[in-house]
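Chain letters run A, B, ... following the sequence lines, proteins first and then strands; every chain starts at 1. Every value quoted in this text rests on a predicted model; they were computed, and no experiment measured them.
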Amino acid sequence: MPALQPVRGTQDLLPLQMRRHRAVSETARVVALRYGFEEMATPIFEFTEVFQKPIGETSDIVSKEMYSFADRGGEHVTLRPENTAGVVRAVLSNGLTQAAPLKFFYSGPMFRYERPQKGRFRQFHQIGVELIGVAQPQADVEVIAAGARILDELGILGRTELELNTLGDTETRRLYREHLVAYYAGFRDKLSEDSLRRLETNPLRILDSKDPGDIAINIEAPEFHRHLNPLSTAFFDAVKRGLDALGIAYRLNPRLVRGLDYYTHTAFEFVTRDLGAQGTVMGGGRYDGLVGLMGGPEMAGVGWAAGIERLAMLIEEPAVAERPVAIIPVGEAAEPVALRLAEDLRRAGLVVDQSYSGNLGKRMKRANKVAARFAVLLGEDELARGVASLRDLDSGAQEEVPLAGLTDRLVQTR
RNA sequence: GCGGGUGUAGCUCAGUUGGUUAGAGCGCCAGAUUGUGAUUCUGGAUGUCGCCGGUUCGAGCCCGGUCACUCGCCCCA
């Protein structure tokens with residue numbers, strides 16, 4: 001039995017779970033389309049450099065979580081750990097910068113070499129939207145609104161809370177970072193090991209530390225909002241006003257930072273308490289500067305990504321699609337008739353289940369197992385009279401229906 | 001990468017201070033019912049006790065290692 005195991009951190013999506021995934025990605029796709037985001041897809045692997053610089057050399061993702069390898073031609077490629085960099089690469093590769101604003105929706109697998117946990121996998125799936133080429137705060141508001149709408153249509157908006165913060169523009173961020181490093185430098189002997197490391201890699205992260213000693217130090221740390229320049233403040237105010245106007249509730253969280261280097265201004269996360277340690281269900285923000293960083297023109301951008309597995313764990317069991325009609329031939333002579341009838345019904349759009357062997361009792365059991373709504377019984381005596389016995393499997397009522405009118409009859413009962 | 005917990009049938013889980021043929025429920029298969037399912041009754045099959053090694057007369061149980069899952073840290077979706 002322990003024969004073949006899936007690779008650590010990967011999982012099979014059997015029909016039960018696949019239905020949940022499909023419900024999430026399909027709901028998201030339909031809603032995103034209403035907001036004007038068009039579906040697109042990029043390759044699941046790219047040249048390593050596509051991710052390296054944008055995400056940041058010091059980020060956890062690039063420094064220790066990427067599936068990178070040299071292919072047979074010696075090219076250094078990486079399984080995508082996230083999709084924003086890939087989308088921006090596609091924009092540049094296809095010369096789409098002239099067509100801004102660009103609005104994209106995507107859905108697909110991502111790969112990170114992390115320690116698996118509840119709601120955390122090495123191959124996982126994300127849905128996401130990107131709005132590229134709009135520097136106005138309305139874009140942030142629309143992107144967040146689309147996310148909230150999707151969560152709402154999935155029936156889980158009430159189980160999440162929107163946390164909001166601003167990272168300021170590039171200038172603000174650079175100055176604040178300098179202040180922070182200067183402040184923490186005075187506590188080198190008191191900071192936790194993790195935070196000492198963060199001081200080198202991403203000092204903003206120290207603000208988010210859970211270490212009691214760090215928390216004490218953080219009380220006196222320079223406050224970010226005091227370093228925001230007027231432009232950044234005005235931008236953030238406009239985003240908040242927009243959300244207020246739409247009635248989208250949020251909680252300001254000055255400690256909310258993003259793991260990826262390319263974020264500026266708005267940062268947000270929809271979090272839940274229902275998934276243990278992996279509370280973030282959707283996260284994103286503004287990334288002005290990313291397009292330029294990747295070699296394109298200076299171009300604004302804002303977007304989010306959400307984990308399909310995490311969302312799938314939160315939603316109600318999706319209803320199974322349409323219940324099938326079970327075709328049950330009795331005797332050799334009925335087999336070809338049943339085969340044709342099944343085709344006719346399918347052509348008419350009905351879901352049809354066929355049984356392959358066994359006596360009538362066995363085939364009825366199968367019909368029951370696949371949750372068939374009706375069973376169509378075709379025996380010698382029915383054939384002789386050009387009829388079929390139509391059995392309602394819920395009520396048990398059974399009647400004879402002329403074969404010629406069977407399709408119409410079943411289509412009407414859908 | 002660090003710390004804790006758990007691995008027994010397809011699934012959920014019992015299994016006494018180490019003791020001889022390892023159990024239950026559900027599911028599965030068959031029969032009661034050779035043209036009528038989901039109910040009921042009767043019967044049946046299924047295990048490298050996660051894996052490797054050690055201790056012991058004897059290991060599902062104790063010890064070491066390993067793999068997987070899981071919870072927390074880290075990080076994030």
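- Rounded to a whole angstrom, the distance from the P atom of B/rA22 to that of B/rA45 is 14 Å.
- The nearest whole Å value for the distance from the CG atom in A/L154 to the P atom in B/rA77 is 18 Å.
- Nucleotide B/rG1 has B/rC73 as its partner under the Watson-Crick or G-U criteria, with both atom distances under 3.5 Å.
- Note on A/E309: nothing from the nucleic acid sits closer than 4.0 angstrom, heavy atoms only.
- Residues A/E161 and A/Y250 have side chains that never bring a donor and an acceptor to within less than 3.5 angstrom of each other.
- Using atom C1' as the reference point in both B/rA38 and B/rG15, the two lie 35 Å apart (nearest Å).
- Between B/rC71 and B/rC57, the two C1' atoms lie 41 Å apart (nearest whole Å).
- Atoms CZ (A/R198) and P (B/rG1) sit 19 Å apart, rounded to a whole Å.
- Separating the NE2 atom of A/H21 from the P atom of B/rA77 is a distance of 17 Å, rounded to the nearest angstrom.
- Taking the P atoms as reference points, B/rG18 lies 28 Å from B/rU12, given to the whole Å.
- A 4.5 Å side-chain heavy-atom check between A/V271 and A/T160 finds every atom pair outside the cut-off.
- Residue contacts for A/G283: at a heavy-atom cut-off of 4.0 Å it reaches the sugar-phosphate backbone alone, with no base atom in range.
- With rounding to whole Å, A/I206 atom CD1 is found 10 Å from B/rC75 atom P.
- The cationic atom of A/R80 (NZ for Lys, CZ for Arg) does not lie both less than 6.0 Å from the six-membered ring centre of A/F51 and within 45° of the ring axis.
- Under the 4.5 Å side-chain criterion, counting only non-hydrogen atoms from C-beta, A/Y67 is in contact with A/R122.
- Contacts between residues 109-132 of chain A and RNA chain B, counted as heavy-atom distances below 4.0 Å, involve A/R112, A/E114, A/R115, A/Q117, A/K118, A/G119, A/R120, A/F121, A/F124, A/Q126.
- The nucleotide B/rU56 finds no pairing partner, because no Watson-Crick or G-U wobble arrangement with both distances shorter than 3.5 Å includes it.
- Between A/L275 atom CG and B/rA77 atom C1' the separation is 10 Å, expressed in whole Å.
- To the nearest whole angstrom, the two C1' atoms, one in B/rA9 and one in B/rU17, are 28 Å apart.
- Judged by distance alone, the side chains of A/S192 and A/D214 do bring a donor and an acceptor atom under 3.5 Å apart.
- Comparing the P positions of B/rC41 and B/rG54 gives a spacing of 50 Å, expressed to the nearest Å.
- Between the CG atom of A/D274 and the P atom of B/rC71 there is a distance of 14 Å, rounded to whole Å.
- Note on A/G9: only backbone sugar-phosphate atoms sit closer than 4.0 angstrom, heavy atoms only; bases stay farther off.
- Across every strand in view, B/rU33 sits unpaired, with no contact that passes the Watson-Crick or G-U test at under 3.5 angstrom.
- Using a 4.5 Å heavy-atom cutoff, the side chains of A/W304 and A/V129 are in contact.
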Atom pairs, N/O to N/O, protein against nucleotides 36-41 of chain B, distance under 3.5 Å?
residue: B/rU36; atom: O2; partner: A/R391; partner atom: NE; Å: 3.3
residue: B/rU36; atom: O2; partner: A/R391; partner atom: NH1; Å: 3.2
residue: B/rU36; atom: O2; partner: A/Q398; partner atom: OE1; Å: 3.4
residue: B/rU36; atom: N3; partner: A/Q398; partner atom: OE1; Å: 3.0
residue: B/rU36; atom: N3; partner: A/Q398; partner atom: NE2; Å: 3.2
residue: B/rU36; atom: O4; partner: A/Q398; partner atom: NE2; Å: 2.7
residue: B/rG37; atom: N7; partner: A/R391; partner atom: NH2; Å: 3.4
residue: B/rG37; atom: O6; partner: A/R391; partner atom: NH2; Å: 3.2
residue: B/rG37; atom: N1; partner: A/L393; partner atom: O; Å: 2.6
residue: B/rG37; atom: N2; partner: A/N368; partner atom: OD1; Å: 3.0
residue: B/rG37; atom: N2; partner: A/L393; partner atom: O; Å: 2.5
residue: B/rG37; atom: N3; partner: A/N368; partner atom: OD1; Å: 3.2
residue: B/rA38; atom: O4'; partner: A/N368; partner atom: ND2; Å: 2.4

Report the C-alpha separation of A/F187 and A/Y183 in whole Å, then their side-chain angles, then the decisive distance to 0.1 Å, and conclude whether the ring pair (Phe, Tyr, Trp, His ring centres under 6.0 Å) test is met. CA-CA 8 Å; A/F187 294 93; A/Y183 172 77; 5.0 Å; yes

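- Judged by Watson-Crick or G-U wobble contacts below 3.5 Å, the nucleotide B/rC28 has B/rG44 as its partner.
- Looking only at atom types and distance, the side chain of A/E46 has no donor-acceptor partner in the side chain of A/T78 under 3.5 Å away.
- Look at the P atom in both B/rU56 and B/rU48: the space between them is 29 Å, to the nearest Å.
- Using a 3.5 Å distance cut-off with no hydrogens or angles, the side chains of A/T280 and A/E269 do pair a donor with an acceptor.
- At the heavy-atom level, A/A305 lies under 4.0 Å from the strands shown only through sugar-phosphate atoms.
- Atom CG of A/D12 and atom C1' of B/rC69 are 15 Å apart (whole Å).
- Going from atom CZ of A/R8 over to atom C1' of B/rG50 covers 15 Å, rounded to whole Å.
- Comparing the C1' positions of B/rG53 and B/rC13 gives a spacing of 29 Å, expressed to the nearest Å.
- With both pairing distances under 3.5 Å, B/rG7 is matched to B/rC67 as a Watson-Crick or G-U wobble pair.
- A/R120 has no carboxylate O lying under 4.0 Å from a charged side-chain N of A/E309, or vice versa, which leaves the two without a salt bridge.
- Inter-residue side-chain proximity for A/I308 and A/S107 is flagged as met; some heavy-atom pair is nearer than 4.5 Å.
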